[in-house]
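Each remark here refers to the structure printed beneath this line.
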Amino acid sequence: MVGIVLTGHGRFAEGLSSALDLIAGPQEAFKVVNFEHEVDELEHDLREALDALQDCDGTIVFADLAGGSPFKTAVVVSQEYENVEVIAGTNLPMVCEISLARTFGMDLQTLVNTALSVGPEQITRFDPSTIESVTEEPEDFSDGI
């Protein structure tokens, strides 16, 4: 199985992980690295997470912002390891899709390509002109996803 490290500013990674757990259940081979203090601490935590996933069939590091400290630090640290890919611009649909897809034994490059296509596909805007009329009561969405 391909490992996943989720990182970002503040508690972005922790929050995304919490949402993922709610949607897809607890994840194995999955590490969360928050960036709340110093870059040195972030670097240490990323190394610790990648070390813990050494037995995986590669690892994807998902970061929040391209060019931000979590992304740049992950890129630098990942150079010390084999089969590590770093992706920025992480969103919940992307992480959900990859977390589920990796359980089917997809290889690292297939998962990376899937993440890069799913992420942007899930960005949308509500267009009220596509709705004819809203006169009925809304469906019961109390069960969520």
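None of the values given here were measured: they were computed from a predicted structure.
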Check for me, please, whether Phe12 and Phe62 land in the same ILVMFWY cluster - side-chain distances under 4.5 Å, paths through other members count. yes
Exam field: side chain Asp127 to backbone Ser129, donor-acceptor pair closer than 3.5 Å: yes
Could you tell me which non-hydrogen atom of Met106 sits nearest to which non-hydrogen atom of Val2, and how far apart they are? O-CG2, 3.8 Å
Joining Ile, Leu, Val, Met, Phe, Trp and Tyr whenever any side-chain heavy atoms lie under 4.5 Å apart, the cluster holding Val118 also takes in none
State which residues pass salt bridge (Lys or Arg N to Asp or Glu O under 4.0 Å) with Glu38; sequence neighbours excluded, sorted by chain then number. none
Answer yes or no: is there a donor N or O on one side and an acceptor on the other, between the side chain of Ser78 and the main chain of Val75, under 3.5 Å? yes
Pairs in or reaching into residues 48-61: which pass side-chain hydrogen bond (donor to acceptor under 3.5 Å, both in side chains), with residues at least two apart or in two chains? Asp51-Tyr81
How many angstroms lie between atom CG of Leu22 and atom CG of Leu92, to the nearest 0.5 angstrom? 9.5 Å
Should Leu53 and Lys31 count as side-chain neighbours, where that means a heavy-atom distance under 4.5 Å? yes
Note: Leu111 and Ala101 closest approach over all heavy atoms is CD2-CB, 3.7 Å
Same apolar cluster: Val77 and Ile87, side chain cutoff 4.5 Å: no
Minimal non-hydrogen separation, Pro93 against Gln122, with atom names: CB-CG, 3.3 Å
Please answer whether the main-chain N or O of Thr7 pairs with a side-chain N or O of Asn34 as donor and acceptor at a distance below 3.5 Å. no
More than 12 heavy atoms of other groups within 6.0 Å of Glu82 CD: no
Is Glu28 atom CD crowded by more than 12 heavy atoms from other residues, nucleotides or ligands, each under 6.0 Å away? no
Keeping the roles fixed (side chain from Ser18, backbone from Glu14), state whether a donor-acceptor pair exists under 3.5 Å. no
Between Thr73 (side chain) and Ser69 (backbone), is there a donor-acceptor pair under 3.5 Å? yes
Pairs involving residues 93-106, ordered by first then second residue, that meet side-chain hydrogen bond (donor to acceptor under 3.5 Å, both in side chains) (sequence neighbours left out): Gln27-Arg102
Distance check, rounded to the nearest 0.5 Å: Leu20 atom CG versus Met94 atom CE? 13.0 Å
Cluster question for you: counting only ILVMFWY and a side-chain heavy-atom cut-off of under 4.5 Å, with indirect links fine, are Val5 and Val32 together? no
Connected via hydrophobic side-chain network under 4.5 Å: Leu46 and Leu16: no
If you take all heavy atoms of Ala115 and Pro120, which pair is closest and at what distance? O-CD, 4.4 Å
So Val33 and Asp45, do their side chains get closer than 4.5 Å, heavy atoms only? yes
At what distance, to the nearest 0.5 angstrom, does CG of Leu6 lie from CD1 of Ile98? 12.5 Å
In chain order, what residues pass the ring-ring contact (aromatic ring centres under 6.0 Å, His included) check against Phe35, with sequence neighbours excluded? His9
Residue set satisfying side chain to side chain contact (heavy atoms under 4.5 Å, CB included) with Phe126, at least two apart, ordered chain then number -> Pro128, Ile131
Under a 4.5 Å side-chain heavy-atom rule over Ile, Leu, Val, Met, Phe, Trp and Tyr, are Ile60 and Leu100 clustered together? no
Which pair of heavy atoms, one from Gly3 and one from Cys56, lies closest together, and at what distance? N-CB, 3.6 Å
Side chains of Ile4 and Val61: does their closest heavy-atom pair fall under 4.5 Å? no
